[in-house]
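Below is one structure; the comments refer to it alone.
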Amino acid sequence: MYLCLRLPQSLLTPEAGSEQQDRLQAVLLHYSPQLAHIQANLWVLNISASLRLFGGLRRLYQHVRADLHALIPDPCLALAPSARAACLLALSTRKQRRCIRRLHACLNPLPIQLLGAPADQLHWLHSLGCHTLGQLRQLPRDGLAQRGLRTLLLQLDQAYGLQSWTLEWVQSAPQFIYRLELDTPSNNKALVLRALTRLLNQLEGGLNQHQLACTGLELTLHTERYKDYPRSTHLELHMARSSWRSQDFLPVWQEQFQPLQLPAAVQSLMLRARQLHPRQTHASSLFPDAHHWQEQDQQLLERLQARLGTGQILTPAPQASHLPEQANQWQPASTVAARPAAGPVRQRPCWLLEPARPLPHDQQSPLLDHQRLRLIQGPERIQTGWWNGGGHQQRDYFVALCPQGRLYWVYRDLSQEHAWYLHGVFG
């Protein structure tokens, strides 16, 4: 037995988005894993193996309709012994779309337009006085096949159950949700961490089975009722790299548990994996390579984020600007997108003064702390900003050397007469 859902036009617009489709898919998969997406507005569900589980066809149909009613005000559902017949009934304008026993009586009055035949074939069939599926079945099959209607005949046989229709079932994304109840409720963080370790080991096994990795975890601690405190505590873990081993997650969770206060005893834990994607493996090496040191850096970054907070670890994010004070922005390490392609390498100091410090000067060069700076490299001209309201910037940058051997980055503002500024210090 097959059940077909026809979506209204309001759910087929770009504004509806894929989130609504995912919700519909989740509802239908609750009743059977054999779900096929035939076309944009048709979903077909094989419910033959689910009838006994849900108490029969009538109760299952009522359950599906009630669950869909929260997403679709008046869901259009059709029931038929074959998948093609269920689709034709769903596309039809009939009020009664449930066909359980008398399949021929339900399909014969349906118009042949529902089969989706080309316009020239429909026009030829109409010229013969053939308008319904029942009339199409009475025509000579050999003559129809010779005139290129083999596909139409195949669909007709599939609808009446004479031919099988091979459907491509939807492969739902795996979900990794693990729960564990403590033998004795406790607010001992060490005991809760041991229980969390068991969940992480289960998660590692599930990710290994599907060859997946994740960059986010959610942990929910369900606690006993205590005064006015909430009954659950939600914790989130954001990894700087894709991980799947429990030994990668556990140190970061330990850092997050250090400042955590548990006012009430924890009864159960629930762990959910987020941001799943295919695992990228690297060939192992006998000696540490660049990938090994990169992993070490990422582990340090993850532990710092867990201890200090995600917004406290900043990383430079290059910007599309020629002005040094605008060419970089400090953003949280977890939100920085992919870096743009690297441009030409130019010598830049590690420390920029904000704002640039005016320097006295004589007729030869700028002065810093009453000492003359010797210009050893430059000029590098930066001329930009003439197209926006920030003003036209014209600067000549130099690398300057002081008598003590320190290197500075200075520039001369060409829009002012003999105006020198200290903008950076080299390490």
Within the 4.5 Å heavy-atom criterion, are [X] and [Y] side-chain neighbours or not?
X: Q158; Y: C87; result: no
X: H222; Y: E181; result: no
X: Y31; Y: L53; result: no
X: V64; Y: F54; result: no
X: L271; Y: F249; result: no
X: Y178; Y: R198; result: no
X: V425; Y: P349; result: no
X: L207; Y: R279; result: yes

Quick one: does [X]'s side chain have a donor or acceptor within less than 3.5 Å of a partner on [Y]'s backbone?
X: Q163; Y: L154; value: no
X: S32; Y: N46; value: yes
X: T223; Y: V266; value: no
X: N201; Y: T197; value: yes
X: R6; Y: A78; value: no
X: H30; Y: A26; value: no

From Q256, E218, R274, residue fulfilling side-chain contact (heavy atoms from CB on, under 4.5 Å) relative to E236: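 Of all the options given, the one that passes is E218.
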
Worked verdict on V27 versus W43 for side chain to side chain contact (heavy atoms under 4.5 Å, CB included): CA-CA 12 Å; V27 169; W43 293 83; over 6 Å; no

Nearest heavy-atom pair of [X] and [Y]: which atoms, and what distance?
X: F426; Y: W351; answer: C-CZ3, 4.3 Å
X: L7; Y: A40; answer: CD1-O, 3.9 Å
X: P111; Y: L133; answer: O-CD2, 4.2 Å

Taking atom [atom1] of [X] and atom [atom2] of [Y], what is their separation to the nearest 0.5 Å?
X: R245; Y: N208; atom1: CZ; atom2: CG; answer: 9.5 Å
X: L262; Y: T233; atom1: CG; atom2: OG1; answer: 6.5 Å
X: R94; Y: L91; atom1: CZ; atom2: CG; answer: 13.5 Å
X: W409; Y: Y397; atom1: CH2; atom2: OH; answer: 5.0 Å
X: L77; Y: L89; atom1: CG; atom2: CG; answer: 12.0 Å
X: M270; Y: L221; atom1: CE; atom2: CG; answer: 10.0 Å

Count the heavy atoms belonging to other residues, nucleotides or ligands that lie under 6.0 Å from [atom1] of [X], then report whether that count exceeds 12.
X: D183; atom1: CG; answer: no
X: E168; atom1: CD; answer: no
X: H277; atom1: NE2; answer: yes
X: H69; atom1: NE2; answer: no
X: Q96; atom1: CD; answer: yes

Candidate pair H423 and L352, rule side chain to side chain contact (heavy atoms under 4.5 Å, CB included), full reasoning: CA-CA 6 Å; H423 204 179; L352 285 182; 4.3 Å; yes

Derivation and outcome, side chain to side chain contact (heavy atoms under 4.5 Å, CB included), residues I382 and T384: CA-CA 6 Å; I382 294 180; T384 184; 4.2 Å; yes

Salt bridge (Lys or Arg N to Asp or Glu O under 4.0 Å) assessment of D74 paired with R65: CA-CA 9 Å; D74 188 16; R65 191 173 186 86; 3.1 Å; yes

Derivation of the side chain to side chain donor-acceptor pair (under 3.5 Å) call for H234 and T220: CA-CA 5 Å; H234 299 277; T220 303; 3.2 Å; yes

Set of residues satisfying side chain to side chain donor-acceptor pair (under 3.5 Å) with respect to N187, sequence neighbours excluded: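 Partners of N187 under the side chain to side chain donor-acceptor pair (under 3.5 Å) test: none.
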
